[in-house]
Amino acid sequence: MTISLPDGSSRSLEEGSTAFDLAADIGPGLAKASLLARVDGIEVDLNAPLVDGATVELITEQSDDALYTIRHSTAHVMAQAVQELYPGTQLAIGPPIDDGFYYDFELPAGQTLSDDDLGAIEDRMREIVKANQPFERHELAVDDALAFFADHTFKAEIIEQVTGGSRDAELADEVGSADMISYYKNSDTFLDMCTGPHVPSTGRLGHFKLMKVAGAYWRGDTDRPMLQRVYGTAWTNKKALKAHLNRLVEAEKRDHRRLATELNLVSWPEELGPGLAVWHPKGATIRRLMEDYSRERHDSGGYDFVYSPHIAKSVLWETSGHLDFYADGMYPPMEMDGATYYPKPMNCPFHVMIFRGEQRSYRDLPLRMFELGTVYRYELSGAVHGLMRSRGFTQDDSHIFATREQLQDELASLLAFVLSVLRAFGFVDFQAKLSTRPLEKSVGDDDIWDEATEGLRLALEAANLDYVVDEGGGAFYGPKIDVDIKDAIGRAWQLSTIQVDFNLPERFDLEYVSSDGSRQRPVMIHRALMGSIERFFGVLIEHYAGNFPAWLAPIQTRVLPVSADHADYAHDVVQQLKAAGFRADTTEPNEPLGKRIRRSKIEKLPYILVVGDDDVAGQTVGVNKRGQNDPERDVSVSAFIERLRVEVADRVLDLPEPAAADAE
RNA sequence: GCCCGAGUAGCUCAGUUGGCAGAGCAGCUGUCUUGUAAACAGCAGGUCAGGAGUUCAAUUCUCCUCUCGGGCUCCA
């Protein structure tokens, strides 16, 4: 039979040959290095028989394409180790994920795992790897499979679900085709239902580490059993594993909760309750600068600034539909003066009230309202996380009311505006998601959904943004774009969202008078840019690793006199800096200079200026820029002020190099 | 909310097989007057998260509550 290769060449092989035979035919080195094959675009085991005419690509152990399979196979090895150490363990699912893999187990007699157990599991895994057990694929008809897996409660449920028509992607990954059930066996005692493919044998694995134990509900359903989930990471080689572990260490160092404490920005007094923070002067300064910048941009961007109260009567939330659809996320009601009030979980109904407050003409549209609106949401207590997820947070919220004709242009300029503001904070790497009309019930006719969705798509194209389409992922009231940013160490954060809404204008019966005198219904667009000021601040801390650029730094420069003789001059320089509009301070020279330098460096100040005899004589300063070890001496005060002025005006970033990811 | 883990000085952390609670940094007071990442001495700082139980004795063991962390779910 004849097999084609990706480079266009072809090879003749004997009938019944496998991808491994093909690799061996090409060369022994390739045969040794190959882990799996992609046959006509589908990944299969190396020992799967090939058919005549197929195009076969061999995937070797150093290829990133092998990662998914390596992780999947490693998950099997972990399951085997856990079953051997805890006989009677039921296996649920064990997929590969972004950085590694996990497997969900139900241990016998309600046993649970803790991190202390990971070492023993990992040791057992290494023994299995050392034993180099082959992964053997077997297939069964559905009925046979049901009988075969009758004692495997979770596996049997999966078989029933995938053969009962209720397939979804995750389940399909786990068992694949619904007419045949496959399983893999790699010893007399271990097998697991799985579509594969897998690496040829356990000996091909090894660059892994078990990370943590967690609880996870079966099928993510809080009403189903709580399983023990073990997370691990696995890579193609030792260096990649080490690089990943280094990234985690780097991320730990950047943790905004740690830096917020060290830099005295924000704290979470226990007395306030979960997810509630107070902002200290330095954190508040940064926040004010962020907000001021946002206001400036919205002002020049054609937005009208509005304010709204923190609570409103229940009728507002009944009309908006929040009490029907969002009650779980709302704070409990307050009874006052015979009425029921709720803290606001969103700002939109207030902005709708402002729109409805007067008769609107098409000449008023698009009408863009902007508010830094603080909302309260009853997040699960286990879900709050520093500034990233809190129970009270401030949205940089905007609602745009537009005519249907204006919708597409407005969406394009909105997205451009959002990206422009994000870029000012130093984010350059974006990933967008376009969510389209859900299959279930939704409001609005087909035409308007198509127009809005197309408008969002065109906006993404015009912005030249990478995006994925989440078919059916939109809200019932309209399609949306979510924008993820990637921070300095490659983590993704969802920040901005642009959502078209056909529902609220309907519910509140909004209208404007059109040029022909008829009454028309406007379209509403919800837009959050930073999303939540608190979360954005948290992301910035981690993105900058605490090194806020000069335009945001709470103290931009500190002037240190070498000795008491220079204290007056230091004060003089501080006054000059302040007069030029900068945030500067000085310290009394009652400690050695080295110590004062050290303290200031720990505070991650952008500039430390040292002044001594030479500087007093020459009206100069010694400039120590953050991240640089050698001071620049004899810089004139005016030159430094000009330099800082430019750096602030241009919002120069000054990001430190993340610790080299693959450092040995 | 649920599963697992944790809570010791303002911060970072030791420690107690149940027997007077420890360090470094930060703070305060002195001395030192300093040219680039930690001067010296002293002082002060704690209901060992809170409550209950076991015990001659609990920071340590048990239970409950609160808070935090890792997840699940949801989302900004």
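All values reported here derive from a predicted model rather than from experimental measurement. Below, read A as the first sequence line, B as the second, and so on, with proteins coming before strands; counting in each chain starts at 1.
The pair A:Lys433-A:Asp484 fails the salt-bridge criterion, with no side-chain N (NZ, NE, NH1 or NH2) lying under 4.0 Å from an Asp/Glu carboxylate O. In summary, A:Glu603 and A:Arg599 do not engage in a salt bridge, as defined by a charged side-chain N under 4.0 Å from a carboxylate O. Here A:Arg288 does not pair with A:Glu291 in a salt bridge; the nearest charged N to carboxylate O distance is not below 4.0 Å. A salt bridge between A:Glu371 and A:Lys344 is present, with a side-chain N of the basic residue lying under 4.0 Å from a carboxylate O of the acidic one. Salt-bridge annotation for A:Arg643 and A:Glu632: present, with a side-chain N of the basic residue lying under 4.0 Å from a carboxylate O of the acidic one.
To the nearest angstrom, P of B:G10 lies 18 Å from CH2 of A:Trp268. Atoms CD1 (A:Ile602) and C1' (B:U12) sit 12 Å apart, rounded to a whole Å. Between the C1' atom of B:G71 and the CG atom of A:Leu113 lies a distance of 13 Å, rounded to the nearest Å. A:Asn264 places its CG atom 15 Å from the C1' atom of B:U12, with the value rounded to the nearest Å. In this structure, the NE2 atom of A:His280 is 11 Å from the P atom of B:C11, given to the nearest Å. Nucleotide B:C75 holds its P atom 12 Å from the CG atom of A:Asp328, rounded to whole Å. For A:Arg224 and B:C2, the CZ to C1' distance is 15 Å, given to the nearest whole Å. Atom CG of A:Asp99 and atom P of B:G71 are 11 Å apart (whole Å).
One P atom belongs to B:U59, the other to B:C20, and the distance between them is 11 Å to the nearest Å. Rounded to whole Å, the P atom of B:A37 lies 39 Å from the corresponding atom of B:A49. Taking atom C1' in both B:U8 and B:G15, one finds a spacing of 9 Å when rounded to whole Å. Comparing the same atom, C1', in B:U67 and in B:C43 gives a spacing of 33 Å after rounding to whole Å. Here the separation of B:U65 from B:G1, taken at their P atoms, is 11 Å to the nearest Å. Spacing of P atoms, B:A41 relative to B:C68, comes out at 40 Å, to the nearest Å. Atom name P, nucleotides B:G10 and B:G53: the rounded distance is 28 Å, in whole Å. Separation of the C1' atoms belonging to B:C48 and B:A6 is 14 Å when rounded to the nearest angstrom.
A:Gly538 comes within 4.0 angstrom of no nucleic acid atom, judged by non-hydrogen atoms across all strands. Among the atoms of the strands shown, none is found under 4.0 Å from any heavy atom of A:Ala528. Within the 4.0 angstrom heavy-atom criterion, base atoms lie near A:Gly382. Counting non-hydrogen atoms under 4.0 angstrom, A:Arg257 reaches the backbone sugars and phosphates but no base. Using a 4.0 Å heavy-atom distance criterion, A:Arg229 is classed as a sugar-phosphate-only contact. Counting non-hydrogen atoms under 4.0 angstrom, A:Val375 reaches nothing in the nucleic acid. Using a 4.0 Å heavy-atom cutoff across all strands shown, A:Asp613 reaches at least one base atom of the nucleic acid. Using a 4.0 Å heavy-atom criterion, one finds that A:Leu227 contacts no nucleic acid atom at all. Across all strands, A:Gly275 comes closer than 4.0 Å only to sugar-phosphate atoms, never to a base (heavy-atom distances). Residue A:Pro561 is out of contact with every strand shown, counting any heavy-atom pair closer than 4.0 Å. At the heavy-atom level, A:Glu379 lies under 4.0 Å from base atoms of the strands shown. When heavy atoms are screened at a 4.0 angstrom cut-off, A:Asp630 is found touching no nucleic acid atom at all. Residue A:Ser390 is in base contact, counting any heavy-atom pair closer than 4.0 Å across all strands shown.
Summarising the geometry of A:Leu380 relative to A:Arg391, their closest heavy-atom pair is C-NH2, 3.8 Å, with the distance given to 0.1 Å. The minimum heavy-atom distance between A:His72 and A:Gly94, with the atom names listed, is CD2-O, 3.7 Å. Annotation for A:Arg297 and A:Phe417: closest pair O-CE1, 3.5 Å, computed over non-hydrogen atoms.
With A:Tyr102 as the aromatic partner, A:Arg229 meets the cation-pi criteria of under 6.0 angstrom to the ring centre and within 45 degrees of the ring axis. Both tests hold for A:Arg287 against A:Trp279: distance to the six-membered ring centre under 6.0 Å, angle to the ring axis within 45°.
With distances taken from any side-chain atom of A:Val562 to the nucleotides B:A37, B:G35, B:A76, the minimum falls on B:G35. In the set B:A76, B:C3, B:G7, the nucleotide with an atom closest to the side chain of A:Gln494 is B:A76. Side-chain proximity of A:His385 to the nucleotides B:G71, B:G69, B:A76 is greatest for B:G69. Comparing B:U34, B:U33, B:C75 by their nearest atom to the side chain of A:Ala564 picks out B:U33. Closest contact between the side chain of A:Arg598 and the listed nucleotides B:U34, B:A76, B:A38 involves B:A38. Looking at the side chain of A:Arg377, the nearest of the listed nucleotides B:A76, B:A37, B:U36 is B:A76. The side chain of A:Pro274 lies closest to B:U67, out of B:U67, B:U33, B:C75.
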Kindly give the atom pairs (protein nitrogen or oxygen, nucleotide nitrogen or oxygen) under 3.5 Å for nucleotides 39-46 of chain B.
none

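Partner A:Pro479 forms a side chain to side chain contact (heavy atoms under 4.5 Å, CB included) with one of A:Asp470, A:Leu456, A:Ile498 and no other, that one being A:Leu456. No option in A:Phe350, A:Phe325, A:Tyr326 other than A:Phe350 meets the ring-ring contact (aromatic ring centres under 6.0 Å, His included) test with A:Trp317.
Interface remark: the A:Arg389 side chain does form a donor-acceptor pair with the B:C74 base, using a distance-only criterion of under 3.5 Å. In the interface, the side chain of A:Asp615 is paired with the base of B:G35 through a donor and an acceptor atom under 3.5 Å apart. With hydrogens and angles left out, the side chain of A:Tyr217 and the base of B:G1 share a donor-acceptor pair within 3.5 Å. For a distance-only test at 3.5 Å, the side chain of A:Gln499 fails to qualify as a donor-acceptor partner of the base of B:A76.
B:C28 takes the anti form, because its glycosidic angle lies more than 90° either side of 0.
A:Thr620 contributes no side-chain N or O that, together with a main-chain N or O of A:Val635, makes up a donor-acceptor pair within less than 3.5 Å.
Both A:Arg596 and A:Met388 lie near RNA chain B, and the one whose nearest nucleotide falls closer to the 5' end is A:Arg596. Between A:Lys480 and A:Leu276, the residue anchored nearer the 5' end of RNA chain B, judged by the nucleotide with its closest heavy atom, is A:Leu276.
Aromatic stacking is not marked for A:Tyr231 over B:G71, as the cut-offs of 5.5 Å for the centres and 30° for the planes do not both hold.
Atom CG of A:Asp221 has more than 12 heavy atoms from other residues, nucleotides or ligands within 6.0 Å.
Taken together, the paired segments of RNA chain B that extend over three or more consecutive Watson-Crick or G-U pairs, each closer than 3.5 Å at both contacts, are B:1-7 with B:66-72, B:10-13 with B:22-25, B:27-31 with B:39-43, B:49-53 with B:61-65.
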